[in-house]
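Inspection log for the structure reproduced underneath, given as structure tokens.
Each ligand, and each atom within it, is numbered from 1 in the order the structure gives.
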Amino acid sequence: MLQFLSMSESELLKVKADLEDRYNQFKAQGLKLNMARGKPATDQLNLSMKMLDTLNSGSDMHSSTGDDCRNYGLPDGLPELRELFAELMGVDDNNIIVGGNSSLNMMFDAVSCAMTHGFAGCEPWGKQGHIKFLCPSPGYDRHFAITEYFGFELIAVPMLATGPDMDVVEKLIHDDASVKGIWCVPKYSNPTGITYSDETVRRFAALKPAAKDFRIFWDNAYCVHDLTDTPDTLLNLWQECRKNNTIDLPIFFASTSKITFPGAGIAAMGASEKNLSVLREHYSFQTIGPDKLNQLRHIYFLKDLDGVMDHMTKHRALLEPKFRTVLGRLESELGGKGVAEWTSPNGGYFVSVDVLNGCAKRVVSLCKEAGVTLTGAGATYPYGKDPNDQNIRVAPTYPPVAELEQAMELFCICVQLAAAEKLLNK
Ligand code: PMP
């Protein structure tokens, strides 16, 4: 396989002309495919339809504590669901609040609470002047958007195969009390799919931020979303923080959005007593309590951790062929050509592709013109600006395999075409 970088100009011109032919054939097909967001496909949603049958007018509407779930009460959620989330998140069940349908909503609430009322008895973040938030990149655009919305300066931190570059994190937080937090997706990270190494987790637990009100937003959105027989394991940050006397540093989040129904699942948050006392007060003004009927539905359907793991094997059976298709295409079309590198995750919802510097926007727009919508280039960086214009998040979950085959063939053509254009223009 000839590397693009070692081709002569005439070889490149010939390759480019062939690619343009293939590209134009695709364009003529009038495709309309979408790989933009990490949504479960319809067959995945169908896996949870029986959950809707678990609750009807004849069902027991009481929690294990005897509370009537149709009424107000249990602001921290059903105890049995708190226990389940405690296991999923690796946090004590007394330290869990089970909320509404969205963990992103709870993250927004936590930031909002700190903005107006502050953590650790400090001035509210919103009254401290210029404040900063660390954004491991490539990362999740909606995380970055929350802190941008609240007026933080977003600081990109490089993502390594072991997690965020901890040398950079430690340096940034050590002397600068205006750095208030960091976004983390520690398992099967969005979009790189990597899981933080034990050393990274230990370094997080041992952080010594200048700001007393610095918080780690530990979003374990993909905690049970394995795709192989050799799943990643994540060291338990809660326990590590206990050992280090830093239990007030992290706030944990998770949801069943990619287990049952996104938008109609259950989310939870976990934190130390001190953090929870601030957050519970905030919630006591915000709501009289969560939708406990949906919580009951989830516990009737999923039952316990074994039930969740069992359910996740069904998701895996549907998702594995899709990831195989994407990774197979990348390897067969781009392998050895020196025009892209990509991750091969053991779980989660994404494959992250790095194309040649300065080519990501071009690849996304070429795909769009030919009918395939991808996540916008740059979306995985703060302010939507990828300094190298290099990273593209591929979301294999939603389209059927046959469509993925087409979309990925086109994607690989566009990656090469953009590379050839770039090398010829040098
Ligand atoms: N966190 C991460 C890392 C995600 O990828 C997503 C969904 N794409 C969410 C949170 C959203 O979670 P929820 O539906 O619970 O708000």
Note, Cys367 side chain near Val364 side chain (heavy atom, < 4.5 Å): no

Answer yes or no: is there a donor N or O on one side and an acceptor on the other, between the side chain of Gln128 and the main chain of Glu123, under 3.5 Å? yes

Are Tyr381 and Phe144 close enough that their ring centers fall under 6.0 Å? no

Atom 14 (O) of ligand 1: nearest protein contact (heavy atom, Å): Ser257 OG, 2.6 Å

Out of Phe261, Tyr349, Tyr222, whose heavy atom sits nearest atom 4 (C) of ligand 1? Tyr222

To the nearest 0.1 Å, how far is atom 12 (O) of ligand 1 from its closest protein heavy atom, and which atom is that? Ser103 OG, 3.2 Å

In the protein, which heavy atom is nearest to atom 16 (O) of ligand 1, and how far is it? Ser102 OG, 2.8 Å

Going by the order shown, which atoms of ligand 1 are within less than 4.0 Å of some heavy atom of Val185? 3 (C)

Can you check whether Leu104 has an N/O within less than 3.5 Å of an N/O in ligand 1? yes

Judged by atom type as modelled, is there a donor-acceptor pair below 3.5 Å linking the side chain of Arg297 to the main-chain atoms of Leu55? no

Taking the side chain as everything from C-beta on, heavy atoms only, tell me whether Phe217 gets closer than 4.5 Å to Val111. yes

Could you identify the single nearest non-hydrogen protein atom to atom 6 (C) of ligand 1 and state the distance to 0.1 Å? Tyr140 OH, 3.3 Å

Hey, is Asn190 touching ligand 1 through its side chain, its backbone, both or neither, going by heavy atoms under 4.0 Å? side chain

Under a 4.0 angstrom heavy-atom cut-off, which atoms of ligand 1 come close to Lys258? 7 (C), 8 (N)

Just how far is it from atom CD of Gln239 to atom CG of Asp92, taken to the nearest 0.5 Å? 8.5 Å

Determine, using ring centers only, whether Tyr188 and Tyr222 are less than 6.0 Å apart. no

Please list, in number order, the atoms of ligand 1 under 4.0 Å from a heavy atom of Asp219. 1 (N), 2 (C), 3 (C), 10 (C)

Provide the number and element of each atom of ligand 1 under 4.0 Å from a heavy atom of Ser255. 13 (P), 15 (O)

Counting distance only, does the side-chain N/O of His298 pair as donor-acceptor with the main-chain N or O of Asn294 below 3.5 Å? yes

Does ligand 1 have a heavy atom under 4.0 Å from the side chain of Ala221, from its backbone, from both, or from neither? side chain

